[in-house]
Amino acid sequence: MTSMFAERISDALREAAAELGAAVPSVRLDRPRDTSHGDLASNIALTLAKRLGRPPREIANDLRDRLNGLEGVERIEVAGPGFLNFFVEAAVVGGTLHTILASRDDYGRSDEGAGRRIMVEFVSANPTGPLHLGHGRQAALGDAIAALLEWSGWQVHREFYFNDAGAQIARLAESVWARYQQLLGHDTPVAENGYQGEYVSEIAAAFRDTVGGVHEGDHGPEATEAMRTFAVGMLRDEQKRDLAAFRVRFDEYYPETRLYSEGRVDDTIRALDETGLTYQEGGAAWLRTSRFGDQKDRVMVKSDGSPTYFLPDVAYHMGKWERGFHEVVNVQGADHHSTVDRVRAGLQALGRPRGYPEYLLHQMVTVVRGGEEVRFSKRAGSYTTLAELVSEVGADVARYFFLMRRPEAHLTFDLDLALDQSDRNPVYKVQYAHARLCSLLELARTQFGDAAEAVASADTSLLGTAAEREVINQLAEFPAFLARATSARAPHLICDYLEKTAGLVNSWYQTGHPTRDPSARALVADPALRAARLALAGAARIVLHNGLAVLGLTAPERMER
RNA sequence: GUCCCCGUAGCUCAGAUGGAUAGAGCGACUGCCUCCUAAGCAGUAGGCCCCAGGUUCGAGUCCUGGCGGGGACGCCA
């Protein structure tokens, strides 16, 4: 049924409660797990029992009597300890289908965000190596959250921040330098704390192919700088390619060096000094971040005169605010959680609000292959890359795997399951249900010539079986699930929803199997009933399609084995 | 030592603001192709929801204290 209809019921409930002497701000209606408990249920009588000093069942009976004759409601039952169960007329239930069919690709969208701007910053990998599976989880998560926000009416900016200078990059340049000299026949081992991955040699080879041997034996600053620029450019290109293959795009890539070249870091030091919250100790400049909930004060400028990472971080986020992003979601690995309080404290010192920016910290990814854990270490260069994974299982499966778990739960990525048993993958179940509905609708066109108009004007009150009602009620909940997944920053709720929906659709579909009940099939001879069932099929297809779209997955019209 | 996350079926995990008989997938077992696609469906087995207190009509969910696992606590990034 439409949400408007559910709202009417909850309004009526609220009025009735007020008449009993208990004003409540809003009444929540649930869809009962058990279909014998009706289409909608309320526990309001239970929650009011204490306030009214009366047994909940008595209150429930009272409320029911006041609600009798509500339009579209077939009957109301009082059940269990005092639940009110609403049984809705078939016409109202079926009416949902017309809402969905009319909204099509927009079904589920809302204007909650009212066009306000919001930034989602995610991945933000440093260009020191190819993206690994941890980045993959973050790419899938950030992109899905961004899409959810767009569906809720926000204007979303996807941003990727990267450190293109600093010690790690210097280390990368040194490693490339060593490999480059090796290619020219010198015995120059890569430093122990350097990057050992094979990709470093590839970069060195490409560099040699580009410039030849002009830097042979040359360890001067120009040589290192040339290799740094070359390596960063090459790795960034590779990361962009990997992300493109994963179907993740960014509106902006923001380099750390820009914070320095635009003077933002110096500005931030000045601004912080002006607050009077900074002090000198041991030759370093400190900020009293402990004033704002950080566990201890932090160094902003080291005794050697160089800034700690904290400073550009604050400068970067001040920049976000100044660019007009007063709502920001930072998607980061949980290993960054110690920086959260610090950065927020710095921003608070500069007058930004307490909770700015919002952080979504996700737990790490453990990779399991052949029953044992695959340790991935950037240093050793022995980790599984996102590109490898995507080329083996495809972007759809990879994205779904990364999204199906709550962000704050540890993710065990079983490569054997993803690679070898992909047939049993939940994503295929959802996509298959979609493809099946597509071919059902196609058959209706070719065999019966059923036009879209016939379906659009179908009498959906003909859909009265338990399986049909259950599917329709499930479809009706899609917008609510989207809203919840958005506000909770929890795309996995959509995975759960899609699997449940696909299951109900498949179940409904199978009841019409020739060996079971041919009269329950969709393509029956009776044109009116056929149109009604095709309306259900069409609406279900739309919901599956839209749900997959929000998660960044394709919705194939057919599945080939 | 302090902080964050997790602990639910054999395995991997869902269970929003406390509500009716705790769910799914995988694995095990039993059925179902007379074809709108069986990558599916129906069913069976499998649970002291880590432990102990507390809050209340009611706790997997909230509070306190433990136990176990992971992560973070730099003038690293």
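Within every chain, numbering begins at 1; the chains are lettered A, B, ... in the order of the sequence lines, protein sequences first and strands thereafter.
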[atom1] gap between [N] and [M], integer Å:
N	M	atom1	result
B/U64	B/U21	P	29 Å
B/G7	B/C62	P	11 Å
B/A20	B/G58	C1'	11 Å

Expressed in angstrom and rounded to an integer, what is the separation of [X] atom [atom1] from [N] atom [atom2]?
X	N	atom1	atom2	value
A/Asn425	B/G27	CG	P	12 Å
A/His336	B/C5	NE2	P	18 Å
A/Glu442	B/C35	CD	C1'	17 Å
A/Gln431	B/G40	CD	C1'	15 Å

Examine the base of B/G40 for any acceptor or donor lying under 3.5 Å from a partner atom in the side chain of A/His513, and report the outcome as yes or no.
-> no
Kindly indicate whether a cation-pi arrangement holds for A/Arg484 with A/Phe481, taking the cut-offs as under 6.0 Å to the six-membered ring centre and within 45° of the axis.
-> yes
Heavy atoms under 4.0 Å, any strand shown: does [X] hit a base, just sugar-phosphate, or nothing?
X	answer
A/Arg558	base
A/Ala435	base
A/Ala444	nothing
A/Leu440	base
A/Ala433	nothing
A/Ser487	nothing
A/Gly512	base
A/Ala488	nothing
A/Leu437	nothing
A/Thr47	base
A/His37	base

Identify whether a stacking contact exists between A/Phe83 and B/A20, where the ring centres must be under 5.5 Å apart and the planes under 30° apart.
-> yes
Compare the aromatic ring of A/His337 with the six-membered base ring of B/G71 and state whether they stack according to the 5.5 Å and 30° rule.
-> no
Taking only nitrogen or oxygen atoms into account, show me every contact under 3.5 Å that the protein makes with nucleotides 74-76 of chain B, one pair per line with its distance.
from, atom 1, to, atom 2, distance (Å)
B/C75, O2, A/Ser303, N, 2.9
B/C75, O2, A/Ser303, OG, 2.7
B/C75, N3, A/Ser303, OG, 3.4
B/C75, N4, A/Gly282, O, 3.1
B/C76, OP2, A/Lys302, NZ, 3.1

Salt-bridge contact [X]-[Y] (side-chain N to carboxylate O under 4.0 Å):
X	Y	value
A/Asp164	A/Arg236	no
A/Asp11	A/Arg14	yes
A/Arg171	A/Glu174	no

At under 4.0 Å, does any side-chain N or O of [X] touch on OP1 or OP2 of [N]?
X	N	result
A/Arg484	B/A16	no
A/Thr511	B/C41	no
A/Thr412	B/C13	yes

Ranking A/Glu256 and A/Val524 by the position along RNA chain B of their nearest nucleotide, the one closer to 5' is A/Val524
Tell me which of A/Glu499 and A/Asn506 sits closer to the 5' end of RNA chain B, going by the nucleotide each one is nearest to.
-> A/Glu499
Distance col, row A/Phe162:CZ vs A/Thr257:OG1, nearest 0.5 angstrom, shows 6.5 Å
Selection from B/A39, B/C5, B/C73 that lies nearest to any side-chain heavy atom of A/Met559 | B/A39
Which of these nucleotides, B/G15, B/A38, B/A72, is closest to any side-chain atom of A/Asp335?
-> B/A72
